[in-house]
Amino acid sequence: MKFSKSLIGTLRQDPREAESKSHRILLRGGFIRQLAAGIHTYLPLGWRVLRRIEQIIREEHERIGAQELLMPAMSPSELWEKSGRWEEYGDDMFRFKDRKGRDYCLCPTHEEVVTEIARAKVRSYRDLPQSWFQIQTKFRDELRPRFGVIRSRQFIMKDSYSLDRDETGLEKSYQLHKEAYIRIFTRCGIDFEMVQASGGVMGTGQSHEFIARVDGGEATIVACSSCDYRADIEGAQTGGTFAGFEDMPVTEIHTPDVGTISEVSSFLKVPCQQLVKSIIFTAPGKKPLLMLLRGDYEINEDVVKNRFGFSYRPATRDEILAVSGVEPGFIGPTGTYSVDIYADDLLKKATGMITGANKNNYHVKGLNISRDAKVKEYFNMRVPKAGDICTQCGSPVELYNALELGQIFKLGTKYSERLGATFLDEKGAEKPVIMGSYGIGLERIMACVCEQKADERGAVWPISISPYDVYLVVLNPAEEEVSACAGRISKALTEADFSIIIDDRDISAGIKFNDSDLLGIPLRVTIGPRGIKNGKFDVSLRESGEVSAVSEDAVVKLCQDHKAALLKKLEK
RNA sequence: CGGGGCGUGGCGCAGCGGUUUAGCGCGCAUGGUUCGGGACCAUGAGGUCGUGGGUUCAAAUCCCACCGCCCCGACCA
């Protein structure tokens with residue numbers, strides 16, 4: 001490819017809208033172009049990267065026996081009504097009507113569609129197991145698209161689905177995908193980790209996320225400092241220490257207009273650990289719940305929802321008033337109103353605690369939870385925090401941000417039951433297909449590599465996904481000898497199976513060098529009058545900056561050696 | 001949706017207590033000189049000042065509404 005004829009167009013300055021590192025680099029290098037919030041064009045350079053990622057994904061899925069197909073990007077509402085997600089998905093789903101007024105969506109994911117295929121095609125246990133994948137555009141009307149391509153409304157995803165006859169089969173499919181994912185991210189040059197994930201509204205099946213440590217990643221990971229425990233904070237469980245304070249009789253204290261934990265803490269000059277948060281959860285048509293939690297923790301809403309139902313959410317001020325009769329900030333477990341009380345397990349032996357008195361502008365002190373509150377059950381409802389205790393080994397945990405690149409998930413029979421995807425087993429009994437679902441965000445791999453590998457000068461692509469292998473800088477392309485030499489070298493490199501971009505632009509050398517750095521092509525060969533004169537040409541490596549000068553007929557060999565070494569590094 | 005910021009040639013910005021032809025840098029085009037880490041000279045093209053309404057003799061500039069984009073938060077298989 002000749003740079004002079006390409007649609008690359010690097011930018012000298014960072015576009016104003018770009019904030020995160022990957023967004024800046026992708027925009028400046030001319031890899032992507034934004035059309036609207038969370039909607040991007042993949043320009044030739046970015047598209048080449050995505051296609052190479054796609055190819056790696058394809059190879060690794062085929063290696064585990066998965067078959068590629070392509071489902072439609074749009075779907076009629078019926079399927080989603082059957083699964084219950086036409087409602088559940090809410091505003092995150094792009095919806096529209098056809099000319100006859102029938103409802104459709106742009107698929108945010110494809111469980112429904114794939115299950116519909118399974119319903120029609122899978123009849124017998126002899127048809128199982130199956131593993132199907134596609135690489136396809138997904139649509140989600142995100143509340144807030146951000147970080148360029150990392151959280152967008154239209155994005156490319158590899159999604160695959162396994163169909164099995166029993167749990168053993170599912171476990172095998174799951175393991176195969178896990179291994180494929182490890183190979184994929186390794187080949188893409190990503191520094192990643194596998195962590196336990198929460199099922200969220202998908203259910204409670206086993207799930208793992210593949211994440212990359214990146215500043216500003218939107219997932220928070222809880223990691224043990226000494227063993228291998230790693231979990232997404234949404235599903236993480238950690239231990240804590242019991243906080244006991246002076247055992248004293250329960251007495252009321254006047255706390256005028258002092259409602260929040262931090263206000264009470266500074267007003268009474270006590271640590272947050274001595275306070276108990278009282279949080280009311282409500283759900284339409286269900287009994288309100290009162291959750292008790294130590295003041296220095298946040299409640300994990302997912303845990304509550306998974307346990308009591310997904311319609312539960314924290315009560316609004318009006319609901320709190322209706323349920324308890326007091327303002328938020330002063331509710332507590334000692335009142336007489338009709339709620340079921342649950343408490344975090346760290347409060348079980350807690351003594352001398354302070355919480356709302358269920359009376360406006362009053363708190364109580366000297367509370368021993370097990371003595372003074374009618375707790376139905378204790379369980380871990382905390383969002384973990386740094387310094388908590390690992391449940392596996394007892395060492396302290398740490399928290400960090402990460403970017404979620406992929407997730408594997410044991411779905412079970414949720415969709416096959418609802419959509420009627422069944423098969424007959426050896427005994428002729430009809431059973432629902434047992435499913436797994438597995439996703440990878442392609443743009444996130446691209447962005448992640450920028451976040452992890454790029455330096456001040458620009459991108460640094462691993463050779464496995466770089467848009468080109470070699471950047472051929474041609475200095476003074478107007479000089480006949482130079483262009484003839486560039487022609488010979490590019491021909492030789494092409495014949496040796498290198499993809500190359502030739503910077504034949506009639507501009508100053510600095511721009512070409514800077515652009516080659518910005519574009520992050522792993523190898524660079526410089527051809528100019530000086531090289532012609534000396535009979536030596538610079539071959540340099542983007543990542544290390546290492547430069548060697550070799551004669552014309554040694555260029556290809558050196559590039560081959562470099563390429564082999566770079567590929568070897570990606571094997572891990 | 002709450003809080004904050006911003007919309008002026010392709011990109012980055014100035015102008016915004018009302019005044020005639022809306023500037024600057026980069027980029028782009030043409031010619032020339034240069035040529036190993038963002039050169040220089042000359043000439044030139046390119047703008048409904050986000051949209052709509054209002055105030056005014058006069059609006060990029062003042063007022064109102066709306067739209068869009070970015071950041072923080074809420075949210076997120």
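Because the structure is predicted, anything quoted here is derived from the model rather than measured. So you know, we letter chains A, B, ... as the sequences are listed, proteins then strands, and number each from 1. Because only heavy atoms are used, hydrogens play no part in the values below, and waters and symmetry mates are left out as well, while side chains stay in.
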Aromatic rings A:Y438 and A:Y181: how do their planes relate, parallel, tilted or perpendicular, breaks at 30° and 60°? perpendicular
Compare side-chain N and O positions of A:R144 against OP1 and OP2 of B:C72 and report whether any pair is under 4.0 Å apart. yes
Donor on one side chain, acceptor on other, A:H208 and A:Y174, under 3.5 Å: yes
Strictly by Watson-Crick or wobble contacts shorter than 3.5 Å, is anything paired with B:A42, and which nucleotide is it? B:U30
Which one, B:G12, B:C75, B:G38, comes nearest to the side chain of A:E301? B:C75
Each nucleotide of nucleotides 28-36 of chain B classed B (base within 4.0 Å of a protein heavy atom), S (only sugar-phosphate) or -, in 5' to 3' order, makes -------BB
Using a cut-off of 4.0 Å on non-hydrogen atoms, how would the nucleic acid contact of A:A18 be classed: base, sugar-phosphate, or nothing? nothing
Separation of atom CZ in A:R33 from atom C1' in B:G10, rounded to whole Å: 8 Å
A:Y89, nearest nucleotide to its side chain (from B:A77, B:C75, B:C26): B:A77
Between C1' on B:A77 and CZ on A:R140, what's the gap in Å once rounded to a whole number? 7 Å
Between A:Q130 and A:W132: side-chain donor-acceptor atoms closer than 3.5 Å: yes
Quickly work out the A:L27 CG to B:C70 C1' distance and round it to whole Å. 12 Å
B:G12, B:A77, B:C69: which one has an atom nearest the side-chain heavy atoms of A:Q13? B:G12
Please measure how far the P atom in B:C6 lies from the corresponding atom in B:U30, and state the result in whole Å. 39 Å
Distance, C1' atom - from B:C13 to B:U51, rounded to whole angstrom: 23 Å
Rounded off to whole Å, could you give me the CD1-to-C1' distance for the A:I211 and B:A77 pair? 18 Å
In the structure shown, which nucleotide is the Watson-Crick or G-U wobble counterpart of B:C76, with both distances under 3.5 Å? none
Candidate nucleotides B:C69, B:G12, B:A77, ranked by approach to the side chain of A:P15 - the nearest: B:G12
When both hydrogen-bonding distances must be under 3.5 Å and the geometry is Watson-Crick or G-U wobble, what is B:C62 paired with, if anything? B:G54
May I ask you to check whether A:H61 and A:F133 place their ring centers less than 6.0 Å from one another? yes
Ring-face cation contact, A:W80 with A:R95, 6.0 Å cut, 45° max: no
Complementary nucleotide of B:G18, counting Watson-Crick and G-U pairs under 3.5 Å: none
Given that A:E17 and A:H110 both sit by RNA chain B, which one's nearest nucleotide is further toward the 5' end? A:E17
How far, in whole Å, is B:U61 from B:U48 if one measures between their P atoms? 16 Å
Has A:Q34 got a side-chain N or O lying under 4.0 Å from the OP1 or OP2 atom of B:C70? yes
Pair partner, B:G37 [Watson-Crick or wobble, under 3.5 Å]: none
How are the rings of A:Y42 and A:H40 set to each other: parallel, tilted or perpendicular (split at 30° and 60°)? parallel
Could you work out the separation of B:C26 and B:G9 based on their C1' atoms and round it to a whole Å? 13 Å
Taking CG in A:D91 as the centre, count heavy atoms belonging to other residues, nucleotides or ligands within less than 6.0 Å. Is the count above 12? no
Spacing of A:R28 atom CZ relative to B:G38 atom C1', expressed in whole Å: 10 Å
Checking B:G37, B:G73, B:C76 against the side chain of A:R524 (C-beta onward), the nearest is B:G37
Between A:M381 and A:Y297, is there a side-chain heavy-atom distance shorter than 4.5 Å? no
Roughly, in whole Å, what's the span from CE in A:M157 to C1' in B:C76? 13 Å
In whole Å, measure the gap between the P atoms of B:C66 and B:C1 for me. 11 Å
Mind checking who B:G7 pairs with, Watson-Crick or G-U wobble, both distances under 3.5 Å? B:C67
When we call it a touch if two heavy atoms are under 4.0 Å apart, what does A:D14 touch: a base, just sugar-phosphate, or nothing? sugar-phosphate
Does a donor on one side chain sit under 3.5 Å from an acceptor on the other, for A:S516 and A:R524? yes
Think A:R146 has a side-chain N or O under 4.0 angstrom from the OP1 or OP2 of B:G73? yes
A:R12 side chain, from C-beta outward: closest of B:C75, B:G27, B:A77: B:G27
Look at the side-chain N and O atoms of A:R16 and state whether any lies under 4.0 Å from the OP1 or OP2 oxygen of B:C13. yes
When rounded to the nearest Å, what value does the distance between P atoms of B:A59 and B:G54 take? 12 Å
Whole Å only: how far is the CD atom of A:E142 from the P atom of B:C1? 16 Å
Can you check the distance between B:G2 and B:C64, where both ends of the measurement are the C1' atom (answer in whole Å)? 22 Å
Rounded to whole Å, the CD-P distance (A:E456 to B:G38) equals 16 Å
Strictly below 4.0 Å, N to O, side chains only: are A:D504 and A:K5 in salt-bridge contact? no
When rounded to the nearest Å, what value does the distance between P atoms of B:G17 and B:C69 take? 29 Å
Regarding A:R505, tell me which of base, sugar-phosphate or nothing describes its non-hydrogen contacts under 4.0 Å with the strands shown. nothing
